[in-house]
> 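I am attaching a structure below and will ask some questions about it afterwards.
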Amino acid sequence: MPELAEVEFFRRVWEPAEGLKVICASANLEKRIFRKVKSKSFPKCLVGTHLRNSFRKGKQLCFVFDESHWLGLHMGMTGKLRYSHDTKEEFKYNYLTVFLENDHRLIFQDPRLFGKVLYEHSKEVPTWWAEMPLELTDASYKFTQMNNFLEKRSRSPIKSVLLMQEGFPGIGNWMADEILWRSRIAPFVKVSNIALSKRKDLYHATKEVCMDALEVIADGWKRPPDTWLFNHRWSDGGNCPKTKKPLIREKINGRTACWSPAWQTYH
DNA sequence: CTATTTGTTTATCC
DNA sequence: AGGATAAACAAATA
């Protein structure tokens with residue numbers, strides 16, 4: 001589920017807790033989402049600290065407690081963050097719970113366990129946070145940067161390249177399909193076969209889908225308009241909002257791609 | 001029983 | 001060396 005905009009939505013779920021003190025913390029450390037956590041004192045080391053800041057880069061989240069406790073979270077395929085006041089409310093698959101002074105709980109749940117927790121106690125910014133690539137929504141992310149990445153991946157289908165986080169941080173399966181639909185490029189097209197002018201369409205569609213997704217989903221998880229591919233792509237039987245003809249669903253390198261054959265004619 | 005899933009990570013081949 | 005691809009990870013849902 002969580003791509004750039006959904007992850008930003010979850011950052012905002014925990015954001016209201018900024019300034020609050022941690023009373024208690026518990027984690028199911030045997031679960032594989034904690035496989036990168038080395039500290040023996042996690043998560044008790046958070047007790048007594050205050051949540052100070054929350055950040056997102058691509059699909060990665062970082063919560064900072066007292067300017068020195070860095071908690072990195074990745075939602076994987078099924079991760080969710082909750083901010084719960086009801087102490088009787090029990091959720092399955094709560095693997096990290098932080099109890100706050102206002103009787104609210106910060107909860108990370110992840111049934112499928114493809115998520116990842118990172119933790120570092122340091123005054124310095126951890127490497128895993130400092131080394132994230134530039135955001136696609138940043139004004140300094142230019143066409144040449146995107147094109148340089150495409151040049152290195154020229155033998156792959158464009159759909160697969162859009163899913164590579166080092167080049168397209170935050171893009172996931174539905175956003176990649178939306179970008180290709182808006183720029184009218186079929187997902188199986190090899191990057192080397194995409195002309196310069198078409199790459200510019202791709203660049204603008206990438207920026208646009210990121211901005212639109214953040215506006216609609218990060219802010220209240222509203223239902224996207226039917227003019228997007230989004231509402232039509234999830235199962236067999238959907239029709240293209242442009243051509244009104246059936247969409248095609250097919251695996252490309254193991255991931256389902258959905259596209260409109262008459263609309264995405266570029267190949 | 002089977003097939004499917006909005007994501008990485010690792011192994012292997014080229 | 002580094003790019004491309006398949007399999008692995010784990011568990012729910014249809």
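First the proteins, then the strands, lettered A, B, ... as listed; each starts at 1.
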> Distance between the P atoms of dA1(C) and dT9(B), in whole angstroms?
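Result for the P pair: 23 Å, nearest Å.
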> Measure from CZ on R32(A) to P on dT10(B) and round the result to the nearest Å.
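Rounded to whole Å, this separation is 9 Å.
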> If you only use heavy atoms from C-beta on, which nucleotide in dT9(B), dG3(C), dT6(B) is closest to the side chain of W234(A)?
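Nearest listed nucleotide: dT6(B).
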> Between dA3(B) and dA7(C), how far apart are the two P atoms, rounded to whole Å?
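Looking at atom P only, dA3(B) and dA7(C) are 14 Å apart.
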> Would you say K251(A) reaches dA6(C)'s phosphate, i.e. side-chain N/O to OP1/OP2 under 4.0 Å?
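Answer is no, no contact under 4.0 Å.
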> For dT6(B), which nucleotide in any strand shown is its Watson-Crick or wobble partner with both distances under 3.5 Å?
none
> Go nucleotide by nucleotide along DNA chain B from the 5' end; which of K36(A) and N173(A) gets its closest nucleotide reached first?
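Final value for this comparison: N173(A).
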> Less than 5.5 Å between centroids and less than 30° between ring planes, does F114(A) satisfy that with dT8(B)?
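No, the aromatic ring of F114(A) does not stack with the base.
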> Between Y95(A) and S154(A), which has a closest nucleotide on DNA chain C that is more 5'?
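Result: S154(A).
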> How many whole angstroms separate atom CG of N148(A) from atom P of dG2(C)?
17 Å
> What is the distance, to the nearest angstrom, from the CG atom on L4(A) to the C1' atom on dG7(B)?
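Taking atom C1' of dG7(B) as the reference, CG of L4(A) is at 14 Å.
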> Kindly point out which of dA4(C), dT5(B), dT8(B) is positioned nearest to the side chain of R112(A)?
dT5(B)
> How long is the line joining CG of L150(A) and P of dG3(C), in whole Å?
13 Å
> Taking the P atom in each of dA10(C) and dA11(B), what is the distance between them to the nearest angstrom?
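Taking atom P in both dA10(C) and dA11(B), they lie 15 Å apart.
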> Respond yes when some side-chain nitrogen or oxygen of Y93(A) is under 4.0 Å from OP1 or OP2 of dA12(C), and no when none is.
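Answer yes for this pair, as a side-chain N or O of Y93(A) is under 4.0 Å from OP1 or OP2.
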> Is there a residue in residues 252-259 of chain A whose heavy atoms reach under 4.0 Å of DNA chain B, and which residues are they?
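When residues 252-259 of chain A is checked for heavy atoms under 4.0 Å from DNA chain B, the hits, listed by number, are R255(A), T256(A).
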> Can you tell me how the ring of Y141(A) sits relative to the ring of Y203(A), calling it parallel under 30°, perpendicular over 60° and tilted otherwise?
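Taking Y203(A) first and then Y141(A), their aromatic rings lie parallel (interplane angle under 30°).
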> Mind calculating the distance between CD1 (I33(A)) and P (dT9(B)) to the nearest angstrom?
14 Å
> Mind checking whether L118(A) and P126(A) have side chains closer than 4.5 Å, heavy atoms only?
no
> Say you draw a straight line from SG of C258(A) to CH2 of W174(A); how long is it, rounded to the nearest 0.5 Å?
13.0 Å
> Using atom P of each nucleotide, how far apart are dA8(C) and dT2(B) to the nearest Å?
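The answer is 16 Å between these two P atoms.
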> Send over the distance from F188(A) CZ to dT5(C) P, rounded to a whole Å.
15 Å
> OP1 or OP2 of dT8(B) versus the side-chain N and O atoms of Q165(A): is any pair under 4.0 Å?
yes
> So which of D201(A), T206(A), D212(A) actually passes side chain to side chain donor-acceptor pair (under 3.5 Å) with R182(A)?
D212(A)
> Return no unless some side-chain N or O of T78(A) is found under 4.0 Å from OP1 or OP2 of dA11(C).
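T78(A) to dA11(C) OP1/OP2: no side-chain N or O under 4.0 Å.
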> If you group Ile, Leu, Val, Met, Phe, Trp and Tyr by side-chain heavy-atom gaps below 4.5 Å, do F188(A) and L163(A) land in one group?
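Different clusters: F188(A) never reaches L163(A) through Ile, Leu, Val, Met, Phe, Trp or Tyr contacts under 4.5 Å.
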> Does dT5(B) have its OP1 or OP2 closer than 4.0 Å to a side-chain nitrogen or oxygen of R249(A)?
yes
> Taking only N and O in the side chain of H74(A), is any of them less than 4.0 Å away from OP1 or OP2 of dG7(B)?
no
> Please state how far atom CD in Q109(A) lies from atom C1' in dA12(C), giving the value in whole angstrom units.
13 Å
> Respond yes when some side-chain nitrogen or oxygen of K59(A) is under 4.0 Å from OP1 or OP2 of dG7(B), and no when none is.
yes
> Taking it one step at a time, do Y83(A) and W14(A) satisfy ring pair (Phe, Tyr, Trp, His ring centres under 6.0 Å)?
CA-CA 6 Å; Y83(A) 186 50; W14(A) 277 17; 8.5 Å; no
> Describe, in one word, how the ring planes of H85(A) and H104(A) are oriented to each other, choosing from parallel (under 30°), tilted (30 to 60°) and perpendicular (over 60°).
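Answer is parallel, since the angle falls under 30°.
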> Separation of M77(A) atom CE from dT8(B) atom P, in whole Å?
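It is 9 Å, rounded to the nearest whole Å.
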> Students often mix this up, so state it plainly: with edges at 30° and 60°, are the rings of H121(A) and H69(A) parallel, tilted or perpendicular?
parallel
> Want to settle it: does E6(A) or R35(A) sit nearer the 5' end of DNA chain B, counting the closest nucleotide to each?
E6(A)
> Just checking F65(A) against W70(A), ring centres under 6.0 Å apart?
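No.
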